[in-house]
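Counting begins at 1 with the first residue of the sequence.
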Amino acid sequence: MSAVTTTVAATAAVARDTSQVRRRRRLSPGRRLPAARLVGPVLLLALWAAASAAGRLDPAAVPAPWTVVRTGVHLWTAGTLPTDILTSLRRAASGFAIGLAAGVLLALAAGLSRAGEALIDGTVNLNRAIPTLGLIPLFILWLGIGESFKVAIIAIVVYIPIYLNTHAALAGIDHRYVELAEVQGLSRFAFVRQIVIPGALPGFFVGLRLGVTGSWLGLVVLEQINATSGLGYLMFQAQNYGQSNVILVGLVVYGVFGLVSDSAVRLVERRVLSWRRTLSS
């Protein structure tokens, strides 16, 4: 009887432990679904198509998806869309590269030096408080109406979130790691490589994602100012002629580029920060 009682008690304990584990596991979001980020856009596209087919949308204001696709194919075969896409990519890439370099270098200088923080952090936050697109008239006076001011504005839009998030990550590094590095006698270079960079990477990738998105948002406005090519110019010309289908083609292309670039950054982030065990992983 005693053995039977012991067995029953052990079984009950195992059942309780299993139940607790199951309850704990329910707190997690669960296994990552393949292509989960495409569910929202696909659902939105399906609702758009259904509303167009049911006649709920005015074709002059919001053309059907198949009309937008036909317009995009026509612009591509005519050679207009490829030229505008390449021009926009070149502008966005140039501004993004400059903003990325500036944001990282300024964050490192401000995060690793009190003198650098005193000189840089307040200036960057002042710049953040000024609407970046409000600087366009001033940059036109300084750099002219050509490509230079467009690239400069995009660089400003990009460097601010990269600086802020990277600097915040640097400031959030546990001081015990700094003390440990001092006790171990690490050189400045080894300290940056082993402590600073791993500690700043999570914040850097957050800023990088915001910077990538910001480069596309700034490009939409800038390409409507004295431009002769680019997706923004294409949409501006379509507005003058009331071509909503062409405007939607430009918006779809911007959206695709934004989604692809953000997904690429997230993929690199997961690979680089694979050592972390977070809720999303």
Side-chain angles (χ1 to χ4, degrees), residues 21-46 85 88-90 92-108 110-112 128 154-155 157-178 180-181 186 189-219 251-281:
V21 169
R22 287 177 178 173
R23 284 199 296 270
R24 286 199 298 269
R25 286 178 179 173
R26 287 181 188 146
L27 298 177
S28 172
R31 188 184 300 273
R32 184 184 299 274
L33 300 175
R37 302 189 68 209
L38 297 178
V39 173
V42 170
L43 179 59
L44 180 62
L45 179 61
I85 288 177
S88 296
L89 287 174
R90 184 173 64 251
S94 300
F96 179 78
I98 297 173
L100 173 62
V104 171
L105 292 177
L106 290 175
L108 289 175
L112 299 178
R128 181 172 66 95
I154 293 174
V157 172
V158 170
Y159 100 89
I160 290 177
I162 291 178
Y163 169 84
L164 291 176
N165 287 276
T166 306
H167 181 263
L170 287 171
I173 294 177
D174 196 325
H175 195 268
R176 287 174 296 181
Y177 294 127
V178 181
L180 179 61
L186 293 182
F189 175 77
F191 170 70
V192 171
R193 182 173 59 86
Q194 299 179 23
I195 304 296
V196 172
I197 293 180
L201 279 177
F204 164 74
F205 277 110
V206 173
L208 189 63
R209 292 180 60 193
L210 294 174
V212 168
T213 304
S215 65
W216 293 113
L217 294 177
L219 194 64
L251 291 176
V252 168
V253 174
Y254 274 128
V256 169
F257 280 150
L259 182 62
V260 170
S261 56
D262 182 72
S263 299
V265 173
R266 287 167 64 96
L267 178 61
V268 174
E269 179 183 12
R270 285 199 298 268
R271 296 291 178 84
V272 173
L273 301 181
S274 59
W275 48 270
R276 293 197 308 168
R277 290 296 177 264
T278 62
L279 190 65
S280 63
S281 61

Query raised in the report: Residues in salt bridge (Lys or Arg N to Asp or Glu O under 4.0 Å) with R271, at least two apart?
Result: none
Report summary line: side-chain contact (heavy atoms from CB on, under 4.5 Å) with F204: of I197, L170, V272, T166, only one passes, and it is T166
Report summary line: For Y163 and A110 the tightest heavy-atom approach is OH-CB, 3.4 Å
Requested in this report: Given side chain to side chain contact (heavy atoms under 4.5 Å, CB included), test I162 with L106 step by step and report yes or no.
Outcome: CA-CA 10 Å; I162 291 178; L106 290 175; over 6 Å; no
**Report entry** Euclidean distance, D262 CG relative to L267 CG, rounded to 0.5 Å
**Finding:** 11.5 Å
Query raised in the report: Looking at L100, V158, V157, which hits side-chain contact (heavy atoms from CB on, under 4.5 Å) with S215?
Result: V158
**Report entry** Exceeds 12 heavy-atom contacts within 6.0 angstrom, atom OH of Y177
**Finding:** no
Query - Closest heavy-atom pair and its distance - P202, L273 - result: CA-CD1, 3.9 Å
Query raised in the report: How far apart are the closest heavy atoms of H167 and G111, and which atoms are they?
Result: CD2-N, 3.8 Å
Query - Mutual orientation of the aromatic rings belonging to W216 and F257 [parallel < 30°, tilted 30-60°, perpendicular > 60°] - result: parallel
Query - L180/I195 under side chain to side chain contact (heavy atoms under 4.5 Å, CB included): CA gap, chis, key distance, verdict - result: CA-CA 10 Å; L180 179 61; I195 304 296; over 6 Å; no
Report task. Find the distance between OG1 (T213) and CG (L208) and round it off to the nearest 0.5 Å. Result -> 9.5 Å
Query raised in the report: Is there side-chain contact between F191 and V178, with heavy atoms separated by less than 4.5 Å?
Result: yes
Report summary line: Closest heavy-atom pair, P161 versus N165, reported as atoms and distance to 0.1 Å, is O-ND2, 2.7 Å
Report summary line: Nearest heavy-atom approach of S88 to Y254 is OG-OH, 4.5 Å
Report summary line: For L219 and A92 the tightest heavy-atom approach is CD2-CB, 4.1 Å
